[in-house]
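First up is the structure itself, then whatever we jot down about it.
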There are 4 protein chains.
Amino acid sequence: MYFEIDPKKSIPLYEQVIQQVKELCARGLLKPNEKLPSVRDLSSQMLINPNTVSKAYQELERQGIIITIRGRGTFISEELTGYIDPKKTERLQQALKNVIIDSHFAGISEIELKRWTEEIYKKLGGNGDEG
Amino acid sequence: MYFEIDPKKSIPLYEQVIQQVKELCARGLLKPNEKLPSVRDLSSQMLINPNTVSKAYQELERQGIIITIRGRGTFISEELTGYIDPKKTERLQQALKNVIIDSHFAGISEIELKRWTEEIYKKLGGNGDEG
Amino acid sequence: MYFEIDPKKSIPLYEQVIQQVKELCARGLLKPNEKLPSVRDLSSQMLINPNTVSKAYQELERQGIIITIRGRGTFISEELTGYIDPKKTERLQQALKNVIIDSHFAGISEIELKRWTEEIYKKLGGNGDEG
Amino acid sequence: MYFEIDPKKSIPLYEQVIQQVKELCARGLLKPNEKLPSVRDLSSQMLINPNTVSKAYQELERQGIIITIRGRGTFISEELTGYIDPKKTERLQQALKNVIIDSHFAGISEIELKRWTEEIYKKLGGNGDEG
DNA sequence: GTGGTCTAGACCACG
DNA sequence: GTGGTCTAGACCACC
């Protein structure tokens, strides 16, 4: 498992950390109950400020994706709650709509975008056993 | 044609304006060469500062979606460039991936997300002539 | 002799008129003492506001390139003054420097820019007898 | 490294800032990855509003000449893209033509203008190592 | 009437 | 400390 951070991107560093953890998680490279690197380790590995990693971990915990146990470390949560948050749903639909509209102006066809979707799902599901 | 702004959202006001114009444009409710409200009109209609609208219009012009003619006003551009920017493409794919991953954690299935996509496209294309 | 105006360009309309008159003049298609179209004729020909043409003519007269004679019309001046204005010179050098710097960032080499210069002079001088 | 602004000039302040940064960059007095003054520092040094500097920096970033890293500051970009934009090229040629035509009316000969060009290039290239 | 520029001053997100 | 966002209000250039 390794992380990649690009400080030049306009997206905040802690958001990049969040996205990476989520992606590794979704791809099965980080499994439930697996231990994450400590804040200090990850920050020195990524050459970023510990506060930045800490903020990312806090946000991930708030989203129920990881849990921290004092004195033991940080771990991937056991399971997803079956509950579907309607607010989150609405935000996601809005985000999807924005992607679709921007694609439209970028000259991406509906078919092309659906192909992208297929491919992303394939990549995520494909190596769940290899981690 | 009317706009809606929610100052409580964390997304910047000028971004909301940009998204709304793009959406109205994509849905065909704003047609090429059509005049947009003046900066002053739109700002007073939305109860926001004229500079905020101005910033949104400038960004939309930079993206080639609208053009402004000195002393006359702001208009929807005539046509989209057929050119596909590889950088933009990559950013869009990344954005789509983030939506998919977040959907995963929100308990949204692949089938559900595809249904959303279908629906969004239907809404966009459906009323091009009714505006 | 004909003019072309593009209201979409960010450069002001009256500036475009000024540039066109100057260029036609420099190319010899407008000769000293030649009569220019009246403000009304030119404005209706160009589909722009008479005030815009009027402003352009005023500025051209201020620069000594044309003169208006009440009741007779507007004419190209007889000759250039030999006097070289140091302020104008400095502004021109600054403008040239800006073009060169922007060319640099656009990836245009020194050789390429010099070739452009040659070509522009050739085009200007080439048809002085054909007008 | 120091900047000079003349509020009396008709050219917008933020444009003057842009030009200065570009020139220092082209002359090698600002090198890739070098840090620029912070928005606040530069604005107080120039006695202009921070927003004005900010606008200049944003435009420079849009042009790919500088990059800003959240919370760390603003830096000269690493490299120029080799890509040559045809639209930019056309705009530059037009600008060069205008300079040449205006020089003509100011009594500047072709030889003189070429000498200027030589000199500007010499100044730009000459002190890349002295900064 | 239109948009463009600039100022002053406030608050927030980020590292 | 860094830049980003927003407001309020002024003045100007253009058509």
Side-chain angles (χ1 to χ4, degrees), chain A residues 5 7 9-17 43 46-56 59, chain B residues 5 7 9-17 35-43 46-61 66-75, chain C residues 5 7 9-17 43 46-56 59, chain D residues 5 7 9-17 35-44 46-59 61 66-75:
Chain A
I5 286 291
K9 282 193 177 164
S10 63
I11 165 174
L13 294 184
Y14 81 92
E15 275 287 0
Q16 294 186 45
V17 177
S43 66
M46 286 179 161
L47 304 173
I48 60 180
N49 194 302
N51 290 331
T52 307
V53 176
S54 181
K55 182 165 183 182
E59 175 63 16
Chain B
I5 285 290
K9 282 191 179 167
S10 64
I11 166 174
L13 296 181
Y14 79 92
E15 276 288 358
Q16 294 185 45
V17 176
K35 192 176 184 303
L36 287 165
S38 80
V39 169
R40 288 163 174 75
D41 282 358
L42 190 51
S43 66
M46 287 181 162
L47 305 173
I48 60 179
N49 191 287
N51 287 332
T52 305
V53 175
S54 184
K55 183 169 183 179
Y57 276 14
Q58 280 173 25
E59 174 64 15
L60 282 163
E61 178 160 28
I66 65 177
I67 64 170
T68 96
I69 302 181
R70 322 261 289 198
R72 292 211 22 229
T74 307
F75 305 82
Chain C
I5 287 290
K9 282 192 180 166
S10 63
I11 166 174
L13 294 184
Y14 81 92
E15 275 288 0
Q16 293 185 46
V17 177
S43 65
M46 287 181 162
L47 304 173
I48 60 180
N49 194 302
N51 289 331
T52 307
V53 176
S54 181
K55 181 165 183 181
E59 176 62 17
Chain D
I5 285 291
K9 281 191 179 168
S10 64
I11 166 175
L13 296 181
Y14 80 91
E15 275 288 358
Q16 294 185 45
V17 177
K35 190 176 186 303
L36 288 166
S38 80
V39 168
R40 288 163 174 77
D41 283 358
L42 190 51
S43 67
S44 71
M46 285 180 162
L47 304 175
I48 60 179
N49 190 287
N51 288 331
T52 306
V53 175
S54 183
K55 183 169 183 179
Y57 277 13
Q58 280 173 25
E59 174 63 16
E61 179 160 27
I66 67 177
I67 63 169
T68 96
I69 302 181
R70 321 261 293 200
R72 294 214 16 231
T74 307
F75 304 82

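Throughout, a chain's letter reflects where its sequence line sits, starting with A, and its residues are numbered from 1.
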Contacts of type side chain to side chain contact (heavy atoms under 4.5 Å, CB included), residue [X], not counting sequence neighbours:
X	value
D/S44	none
D/Q58	D/S54
D/R40	D/S38
D/T52	D/L13, D/Y14, D/I48, D/N49

Problem set entry | 5′-ward residue of the pair D/G71/B/D41 relative to DNA chain E |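 Looking at DNA chain E, the more 5' nearest nucleotide goes with B/D41.
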Problem set entry | 5′-ward residue of the pair A/I11/B/E61 relative to DNA chain E |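 Counting from the 5' end, the first nearest nucleotide belongs to B/E61.
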Problem set entry | Contiguous Watson-Crick or G-U pair runs (3 or more, under 3.5 Å) in DNA chain F |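 For DNA chain F the paired stretches long enough to count as stems (3 pairs minimum) are E:1-14 with F:1-14.
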How is [X] classified with respect to the nucleic acid when contacts are heavy atoms under 4.0 Å: base, sugar-phosphate, or nothing?
X	value
A/L13	sugar-phosphate
B/N49	base
D/I69	nothing

For this session: To the nearest 0.5 angstrom, please state how far the CG atom of B/L60 sits from the OG1 atom of B/T68.
Result: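 Taking CG in B/L60 and OG1 in B/T68, the distance rounds to 11.5 Å.
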For this session: Can you measure from CD1 (D/I66) to OH (D/Y57) and round to the nearest 0.5 angstrom?
Result: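 Here the interatomic distance stands at 6.5 Å.
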For this session: Check every nucleotide of DNA chain F for an atom under 4.0 Å from a heavy-atom of chain B, then give the first and the last such nucleotide from 5' to 3'.
Result: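 From 5' to 3', the first and last contacting nucleotides are F/dT5 to F/dC15.
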For this session: Could you say whether B/R40 or B/R70 is positioned toward the 5' end of DNA chain F, judged by the nucleotide with the nearest heavy atom to each?
Result: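 That would be B/R40.
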Exercise. B/V17 and B/M46: which non-hydrogen atoms are nearest, and at how many Å?
Worked result: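 Nearest heavy atoms, B/V17 then B/M46: CG2-SD, 4.0 Å.
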Problem set entry | Listed partners of A/E59 passing salt bridge (Lys or Arg N to Asp or Glu O under 4.0 Å), at least two apart |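 Salt bridge (Lys or Arg N to Asp or Glu O under 4.0 Å) list for A/E59, sorted by chain: A/R62.
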For this session: Respond yes when some side-chain nitrogen or oxygen of A/K55 is under 4.0 Å from OP1 or OP2 of E/dG15, and no when none is.
Result: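 So the side-chain polar atoms of A/K55 never come under 4.0 Å of the phosphate oxygens OP1 or OP2 of E/dG15.
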